[in-house]
Amino acid sequence: MELEVRHLRALCAIADAGSLHRAARQLGVAQPTLSTQLARIEQALGGPLFVRERTGCRPTPLGRTVLGRARPLLADMSTLVREARAAAAGGDSRLRVGSTASRALAGWLRRLRRPGLEPTLQMDVSANALLRRVTEGQLDVAFVHEVEGSALHIPEGLRVRVLVEREPQFVMLPADHPAAARPVVRLADLAEDRWMVDPTVDGEWDGVHRMLRAVGLNPRVLHGDYHTAASLVATGEVVTVCQPSSQSRPDMAVRRLFGDPLGVRLLLAARTRSELDAVFPALEDAYWEVARQSTAYREWLEGGGVRTPPRCPAAAKGGGRVEFVRAR
């Protein structure tokens with residue numbers, strides 16, 4: 001059997017997912033099919049590439065060697081295809097942007113767009129999935145957030161630049177909630193409320209759970225995405241954490257949480273420093289534009305909120321190269 005690009009992609013998926021079951025789901029194939037494919041690849045390469053354990057699978061020394069060569073090959077192949085398509089289209093270059101949810105996206109894309117360069121957007125609730133796509137050459141850059149206490153896995157070979165070291169998470173609650181009358185809300189004021197959390201967002205449920213548990217709260221929790229949460233907040237059904245750049249509306253209020261108990265780190269990832277340099281200034285401008293538009297966030301910043309400390313240890317797991325940049 002001759003190795004093909006799809007075989008290398010399958011190996012990387014297994015390594016990143018940590019189990020055949022999760023990798024098969026990501027690749028859209030049945031687990032027995034992926035197991036058979038892996039066995040054939042291992043036979044062709046002359047040895048086992050993964051150690052199977054009860055909790056999943058991990059690369060063998062041979063597997064790490066193969067993966068170390070496979071990832072840049074996949075990235076080079078994607079670059080080849082992208083550049084060939086751009087040449088065939090008469091030089092129109094496409095910048096493939098990935099992102100988790102952010103109010104800064106519209107302004108960022110607008111700033112990136114220019115004659116000969118058209119950004120495309122791929123959204124995902126999973127920051128780890130977006131980082132893998134950058135590594136594999138499916139995306140050029142990814143703007144992601146890392147929930148405090150739930151470090152992302154930065155794949156080997158990525159360069160990561162910090163936009164905001166710790167962005168505090170605020171709370172969104174019904175406009176007629178008693179706590180909405182104050183600019184700062186204590187978690188104890190929300191003890192009787194239902195909370196809504198999106199469990200598909202990497203680290204969100206763990207972060208919210210830790211935050212509530214730290215003050216002795218064990219509220220009722222519903223699961224849903226950002227849009228559902230906003231709808232239910234407006235009708236008085238739930239409260240939810242939100243980005244500080246979110247804006248209050250007549251039917252809902254955005255307020256700071258006392259003590260800023262939950263934060264996220266905002267990161268931009270690419271394969272090369274030049275790719276980061278090309279898009280980071282536009283992202284930075286777009287982010288602070290929407291930050292100033294939010295009354296609650298602007299007041300927090302003007303009150304001494306720290307955006308990006310000059311020196312911060314790398315908290316992300318993995319082998320990616322991390323560059324820390326002070327925000328303006």
Side-chain angles (χ1 to χ4, degrees), residues 1-82 96 98 100 122 124-142 144 146-147 150-160 200 202-203 206 267 269-273 275 314-323:
M1 183 189 79
E2 291 188 1
L3 282 182
E4 302 175 12
V5 172
R6 62 188 178 93
H7 298 141
L8 301 181
R9 188 169 290 117
L11 294 178
C12 292
I14 295 170
D16 292 337
S19 78
L20 286 170
H21 175 72
R22 288 192 293 269
R25 186 170 55 188
Q26 292 175 8
L27 293 169
V29 300
Q31 181 175 335
T33 300
L34 183 59
S35 297
T36 300
Q37 186 179 67
L38 176 58
R40 294 181 62 196
I41 296 172
E42 289 178 327
Q43 183 178 12
L45 294 179
L49 302 178
F50 294 93
V51 176
R52 280 72 160 182
E53 300 172 330
R54 290 181 58 189
T55 56
C57 54
R58 56 183 175 83
T60 63
L62 175 61
R64 287 194 294 271
T65 299
V66 173
L67 288 166
R69 298 294 300 274
R71 294 189 191 280
L73 286 173
L74 287 172
D76 288 345
M77 179 61 71
S78 295
T79 300
L80 184 153
V81 172
R82 183 176 74 255
R96 299 165 303 165
T100 50
Q122 187 173 136
D124 201 308
V125 295
S126 172
N128 283 306
L130 290 169
L131 293 175
R132 288 195 298 270
R133 288 174 197 154
V134 176
T135 304
E136 295 167 358
Q138 299 173 24
L139 292 172
D140 298 309
V141 296
V144 300
E146 177 183 64
V147 179
S150 299
L152 297 175
H153 176 77
I154 307 297
E156 184 69 35
L158 280 193
R159 290 181 179 269
V160 178
T200 63
D202 291 341
D206 289 338
L267 309 169
R271 290 183 298 278
T272 66
R273 179 177 295 178
E275 288 174 306
K317 296 179 180 177
R321 300 189 63 178
V322 181
E323 303 175 359

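Bear in mind the structure is a predicted one, so any value in this text is a computation, not a measurement.
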Exercise. Can you check side-chain contact (heavy atoms from CB on, under 4.5 Å) on Gln138 and Arg9, steps first, answer last?
Worked result: CA-CA 11 Å; Gln138 299 173 24; Arg9 188 169 290 117; 4.2 Å; yes
Problem set entry | Residue pair Arg58, Glu53: steps toward the salt bridge (Lys or Arg N to Asp or Glu O under 4.0 Å) verdict | CA-CA 8 Å; Arg58 56 183 175 83; Glu53 300 172 330; 2.8 Å; yes
Problem set entry | Euclidean distance, Ile14 CD1 relative to Leu38 CG, rounded to 0.5 Å | 4.5 Å
For this session: Would you name the heavy atoms of Cys57 and Phe50 that are closest together and state the gap between them?
Result: CB-CB, 4.2 Å
Exercise. Where do Ala17 and Ala23 come nearest, in terms of heavy atoms and distance?
Worked result: CB-N, 3.6 Å
Problem set entry | Any Arg71 side-chain heavy atom under 4.5 Å of Leu8 side chain | no
Exercise. Can you list the residues that meet the side chain to side chain contact (heavy atoms under 4.5 Å, CB included) rule with Ala127, with sequence neighbours excluded?
Worked result: Thr100, Val144, Leu152, Asp202
For this session: Looking only at non-hydrogen atoms, find the nearest pair between Val134 and Ala270 and report the distance.
Result: CG1-CA, 3.9 Å
Seminar exercise, completed: Between Cys12 and Leu74, the two heavy atoms sitting closest are SG-CD1, 3.7 Å
Exercise. So do Leu49 and Leu67 actually touch side chain to side chain, heavy atoms under 4.5 Å?
Worked result: no
For this session: State, yes or no, whether a side-chain contact exists between Arg271 and Thr135 at a heavy-atom distance under 4.5 Å.
Result: no
For this session: Identify the two heavy atoms, one from Ala10 and one from Gln37, that lie closest to each other, and give their separation to 0.1 Å.
Result: CB-OE1, 3.3 Å
Problem set entry | Residues, nucleotides or ligands: over 12 heavy atoms within 6.0 Å of Arg40 CZ | no
For this session: State, with a plain yes or no, whether a side-chain heavy atom of Gln26 is found less than 4.5 Å away from one of Asp16.
Result: no
For this session: Check the pair Thr60, Glu42 against side-chain contact (heavy atoms from CB on, under 4.5 Å), reporting the backbone distance first and the verdict last.
Result: CA-CA 11 Å; Thr60 63; Glu42 289 178 327; over 6 Å; no
Problem set entry | Short side-chain to backbone donor-acceptor contact, Arg96 and Gly137, under 3.5 Å | yes
Problem set entry | Backbone of Leu130 reached by a side-chain donor or acceptor of Asp124 within 3.5 Å | no
Exercise. Can you tell me how far CG of Leu158 sits from CG of Leu267, rounded to the nearest 0.5 angstrom?
Worked result: 11.0 Å
For this session: Could you tell me the separation between the CD atom of Glu275 and the CG atom of Asp140, rounded to the nearest 0.5 Å?
Result: 5.5 Å
Exercise. Between Arg133 and Leu139, is there a donor-acceptor pair closer than 3.5 Å when you use the side chain of the first and the backbone of the second?
Worked result: no
For this session: Assess whether atom CD of Gln43 is packed by more than 12 heavy atoms of other residues, nucleotides or ligands within 6.0 Å.
Result: no
Problem set entry | Distance, nearest 0.5 Å, that separates CD1 of Ile41 from CZ of Arg6 | 8.0 Å
Problem set entry | Asp206 to Ser150 - nearest heavy-atom pair and separation | CB-OG, 3.9 Å
